[in-house]
Amino acid sequence: MSAEKICKTIHQYNQTPVSAKDMQKLLEIAFDYKKVKNYVYARFAGIASLSKIYPGYTVQNEMTDSGFRETLGMPSVYFYLAIFDALGDIKCQWTRTKTKILKLLNQNENLSEEDKHYLRFILKVNHAFDAAVNHKTMQLPKAVQKQYEKVAAKVDAEQLHRYLCRQVRKYHVKLHTDREDGFAIAERAYRYADHGIYISIKEKRKRVFIALTDSNQYKSQLYIKLYPEEHRIEIKVPLFVSVHRHKDYQKQVGVALGLYTMLTTDEGVCYGEELGRYQIEYADWIREQTNRYNRNRNENPGRKKYYTKKKRLEERLHAYINQELNRFLKEEKPKTIYIVKLPKPHRGGRNKKINHSMAQWQRGYIRKRMLQKCMEQSVEIVEVLGRDISNECSSCGELGKKIKGVFACPACGYRDEEKRNTARNVKKRGQGEGALNPKGSYDRS
């Protein structure tokens, strides 16, 4: 990997319960933070404001002139962070909208190849997209303008602009948030000292002190997550850490993910063999609590104990997953890991108990943590296409059968543990055709 540093999130916690008075002062900031974000969403998330959101200084200036900060009595350090937080969300939403439209136009058989090429160009160039959906004259930089005129000469541009407007109206979503349990905080709004952190509040020259469980101090933009019912906070710190490079990490390892055993390698080594027990215990408890809650809903049962225990079970499960992933990397010493590209969740079958267990399967968390840990250790991950990968014989390539965890090939007589056979196929596909990078594009190298 070329990057020498990557970003990871560090968490800090309060040592003693946060008083109701101090929590209320922090909640006031979070409430105003939500108001500012919704104000920005309402005012700048539509097509008329497309020209203002890149790079965003126009929005900042208009928000300054609006007098909204003075109305709220909100410190500028929080006000402008909320603005740019909302702007980031708006840009992401426009990216999602464009991606959706691009996918649909590629599937649209009523559009010619020239039409599709023109629309792809418009979606790619921000100024062109703004002009198209707002019915403006197309004024682009010289080099881009020449390219635009070349692709526009072959199509009915006005008709395609109307098509684009219809798609935007149909699929673009204006954002809104009801969350008021956290806010971003810049370095000048906090100070580490006395084994804790002093956080600026709405009162001038006043700060709330929160004692922390550690003495670490950071200088970056933080995020303060509030848990008022539990009288606690969580501080999320983005931290850039150096990538570790290991000369002895040289193996090529194919792995198969499982519900009961987390990872099985192509050599048959298993990691996370207790995962199934943890997940079943977690899923059964949630199902039992959900049924109990639904039976007694009219009595307005409390959920505080439920959320506390659920969090405890999740933390135990995640700790086990991280522990086994660390062991996997330390013992296997991989240079490259081949893994199946996970499909989207499918609709469940008839067995509700199995459906519930599958719904609680931590495969997304496992993949996310594996990606993070591999980036930190300079290990390459290659995703492969998973079609029939567990039914294919890793010896001859013919389709076989799985019976009670054992794969059997009727063509060549090969027999092996089901997951090991899958892991061997994963490695073969990763080293041959069908390899994908972690973002899902084909790896042609």
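Values below: every heavy atom of this structure, side chains too, minus hydrogens, waters and symmetry copies. Since we're looking at a predicted model, the values are computed, not measured.
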With heavy-atom distances below 4.5 Å as the criterion, would you say the side chains of [X] and [Y] are in contact?
X	Y	answer
F79	P75	no
K202	K25	no
C393	C412	yes
S395	C409	no
I210	I235	no
E383	V340	no
I90	C92	no
I53	T58	no

Original post:
For N106 and K116, what are the C-alpha separation, side-chain angles and deciding distance, and is it a side chain to side chain donor-acceptor pair (under 3.5 Å)?
Top reply: CA-CA 7 Å; N106 286 333; K116 292 179 181 180; 5.8 Å; no

Less than 3.5 Å apart, any donor N or O on the side chain of [X] or [Y] sitting next to an acceptor on the other?
X	Y	answer
N421	R415	no
D284	Y282	no
D181	Y227	no
K5	S242	yes
R96	Q93	yes
Y33	D85	yes
Y338	Q252	yes
E234	H11	yes
K402	S390	yes
N425	T422	no

Original post:
Parallel under 30°, tilted from 30 to 60°, perpendicular over 60°: which one fits the rings of Y192 and Y218?
Top reply: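 Plane angle over 60°, so perpendicular.
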
When the aromatic ring centroids of [X] and [Y] are compared, is their separation below 6.0 Å?
X	Y	value
Y190	Y198	no
Y54	W94	no
F183	Y78	yes

Subject >> Ring-face cation contact, F129 with K98, 6.0 Å cut, 45° max >> reply: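 Checked: cation-pi criterion met.
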
**OP:** Output, in order, the C-alpha distance, side-chain angles, deciding distance and verdict of salt bridge (Lys or Arg N to Asp or Glu O under 4.0 Å) for R327 and E332.
**Re:** CA-CA 8 Å; R327 187 168 72 90; E332 294 296 325; over 6 Å; no

**OP:** Kindly indicate, with the supporting measurements, whether the criterion side chain to side chain donor-acceptor pair (under 3.5 Å) is fulfilled by E274 and Y320.
**Re:** CA-CA 9 Å; E274 295 293 310; Y320 178 72; 5.8 Å; no

**OP:** Please report the C-alpha distance between K8 and E376 in whole Å, then the side-chain angles of each, then the deciding distance to 0.1 Å, and finally whether the salt bridge (Lys or Arg N to Asp or Glu O under 4.0 Å) criterion is met.
**Re:** CA-CA 9 Å; K8 65 183 298 184; E376 292 174 11; 3.6 Å; yes

Does atom [atom1] ([X]) have a neighbourhood of more than 12 heavy atoms from anything else shown, all under 6.0 Å?
X	atom1	answer
E331	CD	yes
K225	NZ	yes
F240	CZ	no
K91	NZ	yes

Interatomic distance, [X] atom [atom1] to [Y] atom [atom2] [nearest 0.5 angstrom]:
X	Y	atom1	atom2	result
I83	R69	CD1	CZ	9.5 Å
M23	E230	CE	CD	9.0 Å
K35	T177	NZ	OG1	14.0 Å
L105	R120	CG	CZ	6.0 Å
L222	I199	CG	CD1	8.5 Å
M262	K419	CE	NZ	13.0 Å

Please answer whether the main-chain N or O of [Y] pairs with a side-chain N or O of [X] as donor and acceptor at a distance below 3.5 Å.
X	Y	answer
S66	F68	yes
R232	V18	no
S378	R245	no
E417	R420	yes

**OP:** Begin with the C-alpha distance, continue with both residues' side-chain angles, and end with the deciding distance and a verdict on side-chain contact (heavy atoms from CB on, under 4.5 Å) for I339 and V384.
**Re:** CA-CA 6 Å; I339 190 170; V384 304; over 6 Å; no

Subject >> Stepwise side chain to side chain donor-acceptor pair (under 3.5 Å) check, Q12 with D214 >> reply: CA-CA 7 Å; Q12 291 184 300; D214 62 67; 2.8 Å; yes

Original post:
Hey, mind stepping through K103 and Q107 against side-chain contact (heavy atoms from CB on, under 4.5 Å) and telling me if it holds?
Top reply: CA-CA 7 Å; K103 181 180 179 181; Q107 299 171 351; 3.8 Å; yes

Subject >> Worked check of salt bridge (Lys or Arg N to Asp or Glu O under 4.0 Å) between R424 and D266 >> reply: CA-CA 5 Å; R424 288 182 62 182; D266 58 286; over 6 Å; no

Original post:
Yes or no on side-chain contact (heavy atoms from CB on, under 4.5 Å) for K310 and W285, after CA distance, side-chain angles and deciding distance?
Top reply: CA-CA 9 Å; K310 182 183 177 186; W285 181 82; 3.9 Å; yes

Original post:
Does the salt bridge (Lys or Arg N to Asp or Glu O under 4.0 Å) test come out yes or no for E62 and R43, once each step is laid out?
Top reply: CA-CA 10 Å; E62 287 190 19; R43 188 166 173 177; 3.5 Å; yes

**OP:** List the steps and the verdict of side chain to side chain donor-acceptor pair (under 3.5 Å) for T264 and Y271.
**Re:** CA-CA 6 Å; T264 303; Y271 297 90; over 6 Å; no

Subject >> Residue pair L275, I366: steps toward the side-chain contact (heavy atoms from CB on, under 4.5 Å) verdict >> reply: CA-CA 11 Å; L275 179 67; I366 294 169; 4.0 Å; yes

